[in-house]
Amino acid sequence: MILTADNSENFISTIESLDSLNPFACRIISFCTSYGPQLPFVDYWTVFDDESKKATGAIARNGTDFILFLTDDTDLDEVSSFMRVAGASSVICSDKYSLDLFGYEKSQGPILVRKEEIKEEVSLEISTPQIKEAYELIVKSADRYFTPPKFEDFYVDINHKLRHGTMRLLGLYDNGSLAAVAMTVAESTNGAVIGAVACLPQFRNKGYGTYIVNHLTNILVKEGRSVYVHRAEKANKAFYDNLKFNRCDSWCEYHFKG
């Protein structure tokens with residue numbers, strides 16, 4: 001049974017009661033905190049067991065993109081049917097759970113976690129850059145594993161989340177020039193997901209990417225959060241190994257081919 005969640009506080013507390021440390025729970029909680037259910041481009045649902053009436057998972061919609069927080073008790077057939085009729089262009093969830101979706105291509109990769117602080121040997125210039133400045137760096141640094149969104153969409157989303165305190169954006173500067181960026185794409189009370197890590201080509205091999213990710217992770221760990229990274233299957237393995245991130249799960253994303 002999948003029911004619409006109209007009350008943000010009840011929806012979030014239900015998710016936290018299931019698993020407050022799950023990275024997909026973190027993403028949905030952060031999104032719901034940023035964009036309440038009254039907005040037209042979002043929706044939230046709680047998945048219940050038909051017999052016990054206990055919650056077993058959660059679903060969030062942003063436009064035609066869906067995030068699923070699934071558990072071992074979730075009825076995957078029901079969720080698959082719901083996704084097929086919901087008009088989803090993409091669906092992301094744990095790769096532990098296989099959905100029966102027609103006409104979709106699937107990509108996947110590891111989910112990494114770190115819960116300990118790592119000492120910073122040096123002190124470099126870190127501050128919050130302008131959103132446009134950060135976006136331009138991300139575009140210049142993009143590779144085949146990441147396609148930047150349109151600037152207008154990026155700006156509106158980042159600006160909104162920064163004002164609501166559901167994400168943070170950091171930039172590392174070299175003699176006044178922005179050299180690298182990293183941000184949290186989701187934050188909840190107990191967890192955070194890091195993304196959009198980028199360093200300009202002319203500043204690479206100086207340890208700037210390592211420093212800014214470690215610096216941001218240390219801030220979050222000190223606040224009592226587990227820090228997650230959704231890594232592409234063949235990208236940056238040595239980079240995150242060096243930063244003491246450990247594999248805890250795998251993500252999968254279904255993209256509608258039409």
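Note on residues 5-41: pairs passing ring pair (Phe, Tyr, Trp, His ring centres under 6.0 Å), not counting sequence neighbours, are Phe11-Tyr44, Phe24-His230, Phe31-Tyr35, Phe31-Tyr44, Tyr35-Phe41, Tyr35-His160.
Within the 4.5 Å cutoff, side-chain heavy atoms of Lys115 are placed close to those of Val113. Using a 4.5 Å cut-off on side-chain heavy atoms (C-beta onward), Phe69 and Ile15 make contact. Contact annotation: the side chain of Leu112 never approaches that of Tyr228 to less than 4.5 Å [non-hydrogen atoms, C-beta and beyond]. Under the 4.5 Å side-chain criterion, counting only non-hydrogen atoms from C-beta, Phe154 is in contact with Ile131. Residues Lys161 and Val185 are not in side-chain contact: their nearest non-hydrogen atoms beyond the backbone lie 4.5 Å or more apart.
Counting non-hydrogen atoms of neighbouring residues, nucleotides and ligands closer than 6.0 angstrom, the OH atom of Tyr104 exceeds 12 such neighbours. When the shell of 6.0 Å around CD of Glu117 is examined, it contains more than 12 heavy atoms from other residues, nucleotides or ligands.
Salt bridge annotation for Arg84-Glu78: absent, with no cationic side-chain nitrogen under 4.0 angstrom from a carboxylate oxygen. A salt bridge is absent between Lys53 and Asp49: the closest approach of a Lys/Arg side-chain nitrogen to an acidic carboxylate oxygen does not fall below 4.0 angstrom. Under 4.0 Å is where a charged nitrogen must lie from a carboxylate oxygen, and between Lys150 and Glu152 no such pair does. A salt bridge links Lys132 with Glu136: at least one charged nitrogen is closer than 4.0 Å to a carboxylate oxygen. With respect to the salt-bridge test (charged N to carboxylate O, under 4.0 angstrom), the residues Asp95 and Lys106 qualify.
Neither side chain, Asp43 nor Thr4, offers a donor N or O lying under 3.5 Å from an acceptor on the other. With 3.5 Å as the limit, one finds a donor-acceptor pair spanning the side chains of Tyr97 and Asp72. At a cut-off of 3.5 Å, with distance as the only test, a side-chain donor of Glu120 or Asn218 sits close to an acceptor on the other residue. Using modelled atom types, one finds no donor on one side chain facing an acceptor on the other under 3.5 Å when comparing Thr33 with Ser30.
When all heavy atoms of Ala192 and Arg225 are compared, the pair lying nearest together is CB-CD, 4.2 Å.
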* Thr64 and Arg61: side-chain hydrogen bond (donor to acceptor under 3.5 Å, both in side chains), yes or no, with the steps? -> CA-CA 7 Å; Thr64 58; Arg61 175 186 73 85; over 6 Å; no
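Met167 and Leu220 end up in the same hydrophobic cluster when Ile, Leu, Val, Met, Phe, Trp and Tyr side chains are linked at under 4.5 Å.
With hydrogens and angles disregarded, no donor-acceptor distance shorter than 3.5 Å links the side chain of Asn62 to the backbone of Asp65.
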